[in-house]
Amino acid sequence: MQSRGDEVSPWAADLRSAMRLIAGSNLPDRKPAPLRAGIELRLDPGWKTYWRYAGDSGLPPKFDFAGSENVQSVTVLWPAPRRFPDGAGGYSIGYMGGVIFPVHIVAEDPTKPVTLRAKLNYGVCEKVCIPAEGKTELPLTAGPTSKETVLAAAEARVPKPVALGAKGPLAIRAARYDASGERPRVIVDVTVPKGANAELFAEGPEPRWSLPLPQPVDGTAGQSRRFAFDADGVPPGASIRGAKLTLTLVADDKAIEVTAHLD
């Protein structure tokens, strides 16, 4: 096991938040076996931070691992988010109270030490939203640490990739473009566990897209539900018809992610 001093970095504090790195063991069933770590954000009571797509307002986190030693690649995983009022009549997407972003690191040379250096620019919000930043570093080894449980819990919150139309207690059955009403919209049919609180998020194929948050359609309840959103937020020159959308369905402590082409 790593020594306790090497399991976490010092907190890098800002006005209403702080960030640090936590270490985990490697993933021996994958080749090359990535090292595991987490970027932990701690927020003051009542403050929130944002997902990779912030919704109607907000600042998505930006990760920078430049200067890391013996690092070939770094993959950041995103735990399932929630929506919350943004204070201006819309909704943002993100996390309340704090979050751990799991990180998988592939070493250039697995026989040599790895040091992960992370810089994070992010936004935090209560009644007003302010930018924040943190910078810290941590040496990593392949051995287990005392942070395995909290890191595994964060990894379990990352939406599982599944196919559109796959069956199961949590599923996105269909997504289609609908031009029959006053405004063109996208309709998404889902299945969720009985009694679950469900939320759906939609992202375009690249960051210039700014799709509305899907809303539950009146009259659908139980395990089969329907969401819809207007076909807005599409960049000039692009079309939502035929576009590759990423749909994330969250139901209580479970989440899935689907790629859907709107033909």
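The figures here come from the full heavy-atom set of this structure, side chains too, leaving out hydrogens, waters and symmetry mates. Just so you know, residue 1 is the first one in the sequence shown, and it goes up from there.
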- Query: So, S57 versus S92: side-chain donor-acceptor pair below 3.5 Å or not?
  - Reply: yes
- Item | Exam field: side chain N70 to backbone K112, donor-acceptor pair closer than 3.5 Å | yes
- Message: Between N26 and P34 (side chain of the first, backbone of the second, donor and acceptor by atom type, cut-off under 3.5 Å), is there such a pair?
- Response: no
- Item | From L138 atom CG to R20 atom CZ, the distance as rounded to the nearest 0.5 Å | 10.0 Å
- Drop me the distance from L140's CG to I105's CD1, to the nearest 0.5 angstrom. 5.0 Å
- Query: Can any side-chain N or O of E206 pair as donor or acceptor with the backbone N or O of R208 at less than 3.5 Å?
  - Reply: yes
- In Å, rounded to the nearest 0.5 Å, how long is the span from CZ of F84 to OH of Y50? 5.0 Å
- Item | Member of F101, Y122, W47 meeting the ring pair (Phe, Tyr, Trp, His ring centres under 6.0 Å) criterion with Y95 | F101
- Message: If we count only N and O atoms by modelled type, under 3.5 Å, do the side chains of R36 and S25 hold a donor and an acceptor together?
- Response: yes
- Would you say the side-chain atoms of S9 pair up with the backbone N or O of L21, donor to acceptor, closer than 3.5 Å? yes
- Side-chain (K160) to main-chain (V158) donor-acceptor, under 3.5 angstrom: yes
- Donor-acceptor pair, D230 side chain versus D232 backbone, under 3.5 Å? no
- Message: Using the rule given for salt bridge (charged side-chain N to carboxylate O under 4.0 Å, His left out), can you reason through D64 versus R117, listing the C-alpha separation, both sets of side-chain angles and the distance that settles it, and then say yes or no?
- Response: CA-CA 8 Å; D64 184 355; R117 294 189 171 96; over 6 Å; no
- Message: Classify the ring geometry of F201 against W51: parallel below 30°, tilted from 30° to 60°, perpendicular beyond 60°.
- Response: tilted
- Query: Between E7 and T145, do the side chains contain an N or O donor and an N or O acceptor separated by less than 3.5 Å?
  - Reply: no
- Can a donor-acceptor pair be found between the side chains of R173 and T191 at a distance below 3.5 Å? yes
- Is there a path from L164 to V162 through hydrophobic residues (I, L, V, M, F, W, Y) whose side chains come within less than 4.5 Å of each other? yes
- Task: Report the distance from atom CD of Q215 to atom CZ of R185, rounding to the nearest 0.5 Å.
- Result: 12.0 Å
- Message: Show, in sequence, the C-alpha distance, side-chain angles and deciding distance for T248 and L200, and conclude whether the side chain to side chain contact (heavy atoms under 4.5 Å, CB included) test is met.
- Response: CA-CA 6 Å; T248 301; L200 184 71; 6.0 Å; no
- Item | Distance (rounded to the nearest 0.5 Å) between L43 CG and T49 OG1 | 6.0 Å
- Query: Looking at SG of C125 and CG of L59, how far apart are the two atoms once the value is rounded to the nearest 0.5 Å?
  - Reply: 11.0 Å
- Task: Answer yes if W11 and V124 sit in the same cluster of Ile, Leu, Val, Met, Phe, Trp and Tyr residues linked by side chain heavy atoms under 4.5 Å apart, and no otherwise.
- Result: no
- So, D14 side chain and R16 main chain: donor-acceptor pair closer than 3.5 Å or not? no
- Query: Under 3.5 Å, side chain of Y53 to main-chain N/O of L211, donor-acceptor pair present?
  - Reply: yes
